[in-house]
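Notes follow the structure.
Any value given below was found using the heavy atoms of this structure, including those in side chains, with hydrogens, waters and symmetry copies removed.
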Amino acid sequence: MLNRLEMLRIFVAAAEARNFKEAAARLGISPQAVTRAVQDLEAAQGELLFHRNTRGVQITTYGEHLAAQARDSVQRLDALFQPATEAAPLQPEGLVRLTAPVALGRRLILPVLHRLGNQHPLLRFDVQLSDTHADVVDDRIDIGVRYGSLHDSRYVARRVASPPFRTVGTPELVAQYGKPKTLEQLHELPTTSLRDLSTGRPWPWYFAGGQHISPVNPRFLSNDSEAEFEAILAGRGFGQLPGFMADEHIASGRLVPVLQKLQPDAWDIYVYRPQRGPVPARIRLVFDALVSSLGMG
């Protein structure tokens with residue numbers, strides 16, 4: 001069996017890579033060695049760290065939490081063997097550039113950054129909130145958060161949550177117009193919509209089975225997701241919102257879900273960074289904090 005430090009080092013590399021083969025290449029060892037190290041660590045922990053299937057491996061929730069702890073421990077031990085002039089500063093400092101969708105950024109990302117800023121006053125943040133995808137290379141983005149699949153293999157990405165989408169209206173709106181029973185009925189009702197800045201057209205609403213519609217003549221149209229959310233709460237029309245915006249208002253009775261049998265598949269949320277190899281401590285700190293705070297389970 002490997003010594004515990006090396007076992008953790010291999011596990012951390014496996015957690016950061018797309019698969020064991022990539023982790024092995026990064027460490028200069030065989031994929032079999034990575035597999036054995038992970039199996040030994042699973043046996044020692046008594047917990048499954050990766051889900052295996054024919055398509056590959058996916059880290060478990062327990063594995064994500066262990067990786068965050070192990071990464072910090074490995075870095076601290078490595079720092080003990082660095083010459084004093086090369087040792088990393090104890091207090092993370094410097095600028096971290098981030099991008100995220102508007103509503104998700106304001107509601108879920110900014111609280112994490114404010115907490116980190118209070119804990120580490122030498123950190124600085126440059127936050128770009130936009131509902132269009134940023135060019136992370138040209139904009140020199142360090143960390144991004146986004147909905148939907150992330151296919152660029154150059155990125156280190158973590159799937160952290162899968163919020164559902166809800167089609168909703170206020171109780172007053174439902175009382176006045178009734179609940180729609182089909183997608184076609186939505187065209188006869190007042191609706192709100194969010195404009196896609198890249199096309200100038202409204203974003204479609206998505207439903208089960210790959211169905212989607214674009215609201216015709218929405219009563220309220222905006223390029224700001226928070227403005228649309230306020231319009232929905234004000235009863236301007238039916239709208240579609242992610243669960244992290246809608247669910248508390250559904251629970252309080254301020255919003256009523258409709259077309260629930262046609263609720264679409266949830267979209268994944270990813271935290272990613274557009275670089276591999278050495279990662280500055282400040283970026284690692286923010287990345288891990290976002291993964292932990294937004295994480296599932």
Tell me, do [X] and [Y] make a side-chain contact under 4.5 Å, heavy atoms counted?
| X | Y | result |
| --- | --- | --- |
| Arg201 | Asp196 | no |
| Glu226 | Phe229 | yes |
| Asp131 | Leu197 | no |
| Arg282 | Leu122 | no |
| Leu294 | Ile109 | yes |
| Leu186 | Phe207 | yes |
| Leu255 | Leu233 | yes |
| Leu98 | Val145 | no |

Phe287 six-ring face occupied by Arg273 cation (under 6.0 Å, within 45°):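 Positive - Arg273 is close enough to the ring of Phe287 and near enough to its axis.
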Determine yes or no for a side-chain-to-main-chain donor-acceptor pair under 3.5 angstrom, with [X] supplying the side chain and [Y] the backbone.
| X | Y | answer |
| --- | --- | --- |
| Arg52 | Phe50 | yes |
| Thr60 | Leu49 | yes |
| Glu22 | Asn19 | no |
| Thr99 | Gln128 | yes |

Aromatic ring pairing Tyr147/Trp267, orientation class (parallel under 30°, perpendicular over 60°, tilted between):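 Rings of Tyr147 and Trp267: perpendicular, as their planes differ by over 60°.
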Smallest separation among heavy atoms of [X] and [Y], with atom names:
| X | Y | result |
| --- | --- | --- |
| Ala266 | Pro163 | CB-O, 3.4 Å |
| Ala37 | Ile10 | CB-CG2, 3.7 Å |
| Ser193 | Trp203 | OG-O, 3.9 Å |
| Val286 | Phe125 | CG2-CE2, 3.9 Å |
| Pro92 | Leu285 | CG-CD2, 3.8 Å |
| Ala13 | Leu27 | CB-CD1, 3.6 Å |

Sequence neighbours excluded, every pair satisfying side chain to side chain donor-acceptor pair (under 3.5 Å) that has a member inside residues 242-254: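 Found Arg166-Asp247.
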Counterpart residues, side chain to side chain contact (heavy atoms under 4.5 Å, CB included), relative to Gln119 (two or more places apart):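 Testing Gln119 for side chain to side chain contact (heavy atoms under 4.5 Å, CB included), a comparison that skips the adjacent residues, returns Arg115, Leu116.
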Side chain to side chain contact (heavy atoms under 4.5 Å, CB included) involving Val74 - partner list, sequence neighbours excluded: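 Val74 satisfies side chain to side chain contact (heavy atoms under 4.5 Å, CB included) with Leu5, Leu8, Arg9, Asp78 only.
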Partner of Pro180 by side-chain contact (heavy atoms from CB on, under 4.5 Å), out of Leu262, Thr167, Val258: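 The single option meeting the side-chain contact (heavy atoms from CB on, under 4.5 Å) with Pro180 is Val258.
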Joint hydrophobic cluster, Phe244 plus Leu194, side-chain heavy atoms closer than 4.5 Å: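 They do not share one cluster, since no chain of ILVMFWY contacts under 4.5 Å joins Phe244 to Leu194.
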Chi angles and distances behind the ring-ring contact (aromatic ring centres under 6.0 Å, His included) call for Tyr177, Phe238: CA-CA 10 Å; Tyr177 293 96; Phe238 292 95; 7.2 Å; no
